[in-house]
Amino acid sequence: MVIESATAADLPAVQALLTGHNLPLDDVTSHVATMLVAREAGRVVGVAALELYAGGALLRSVAVDPAAQGQRIGHQLTEAALHLAGERRVDAVFLLTTTAEKFFPRFGFEQISRAEVPHAVQASVEFTSACPASAVVMRKRISRSVRLQADPPSVS
Ligand SMILES: CC(C)(COP(=O)(O)OP(=O)(O)OC[C@H]1O[C@@H](n2cnc3c(N)ncnc32)[C@H](O)[C@@H]1OP(=O)(O)O)[C@@H](O)C(=O)NCCC(=O)NCCS
């Protein structure tokens, strides 16, 4: 299994994965450049996408094929997305979830209110229309040292 940058050719598999988990497809095609996939024998078995905005990034579409769950793929995708955020000198990563608020604290995410989210992130399609108002909002701050230490891109 490898974690690598997605390409436009991965979008049908990514969309099928998100649909299978009832996760929003809205605007997902706009963020392929900062999307990561987990690939096993050439097949997409997981995805995580980062949307970059002024004031922070939005982590969305973290999903693993049910047949491949429980093998740390979700962990590796989340960690790779956070590494990418460090490389891009992002101050904080935000996410919305209705299903996995107990998964993300292990990576340093904490629950916050919508009002604490930068305006540019709140203006994203995910915030404005794709996710229900009842979704939990979470934030992980990326420390300055992590941002400065981030290696050149670790994903191909
Ligand atoms: C959440 C998800 C990405 C985790 O992927 P995964 O590859 O199965 O997870 P990993 O193997 O890396 O980690 C397994 C651990 O996460 C926990 N976990 C998995 N899904 C969880 C969830 N929805 N909520 C809380 N904990 C969860 C497992 O209990 C396990 O815990 P342990 O390490 O204490 O045993 C996957 O379950 C999934 O695709 N869920 C549906 C889509 C979703 O809800 N995405 C998040 C919103 S964007």
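Just follow the structure's listing: the first ligand is 1, and inside any ligand the first atom is 1. Position 1 is the first residue of the sequence; numbering continues from there.
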### Message
Has R60 got a side-chain atom pairing as donor or acceptor with P24's backbone, closer than 3.5 angstrom?
### Response
yes

#### Entry: Within 6.0 Å of CZ in R141, more than 12 heavy atoms from elsewhere
no

### Task
Indicate the atoms forming the closest heavy-atom contact of I73 with A38, along with that distance.
CG2-CB, 3.5 Å

### Query
Do H119 and Y53 have ring centroids that are under 6.0 Å from one another?
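Distance test on ring centres: not under 6.0 Å, no.
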
### Message
Under the salt bridge (charged side-chain N to carboxylate O under 4.0 Å, His left out) definition, can you give me all pairs with a residue in residues 31-44, not counting sequence neighbours?
### Response
E4-R39, D10-R39, R43-D65

Under 3.5 Å, N/O to N/O: give me all the pairs between ligand 1 and the protein, one per line with atom names and distance.
residue  : atom   : partner : partner atom : Å
ligand 1 : 7 (O)  : G74     : N            : 2.8
ligand 1 : 8 (O)  : G70     : N            : 3.0
ligand 1 : 11 (O) : G70     : N            : 3.4
ligand 1 : 11 (O) : Q71     : N            : 3.2
ligand 1 : 11 (O) : R72     : N            : 2.7
ligand 1 : 12 (O) : G74     : N            : 3.4
ligand 1 : 12 (O) : H75     : N            : 2.8
ligand 1 : 12 (O) : H75     : ND1          : 2.6
ligand 1 : 13 (O) : H75     : ND1          : 3.1
ligand 1 : 23 (N) : T99     : O            : 3.1
ligand 1 : 31 (O) : R106    : NH1          : 3.4
ligand 1 : 33 (O) : R106    : NH1          : 3.1
ligand 1 : 39 (O) : V64     : N            : 2.8
ligand 1 : 39 (O) : Q69     : NE2          : 3.4
ligand 1 : 44 (O) : T99     : OG1          : 2.6
ligand 1 : 45 (N) : V62     : O            : 2.7

### Task
Would you check if there is a donor-acceptor pair between the side chains of H83 and E87 at a distance under 3.5 Å?
yes

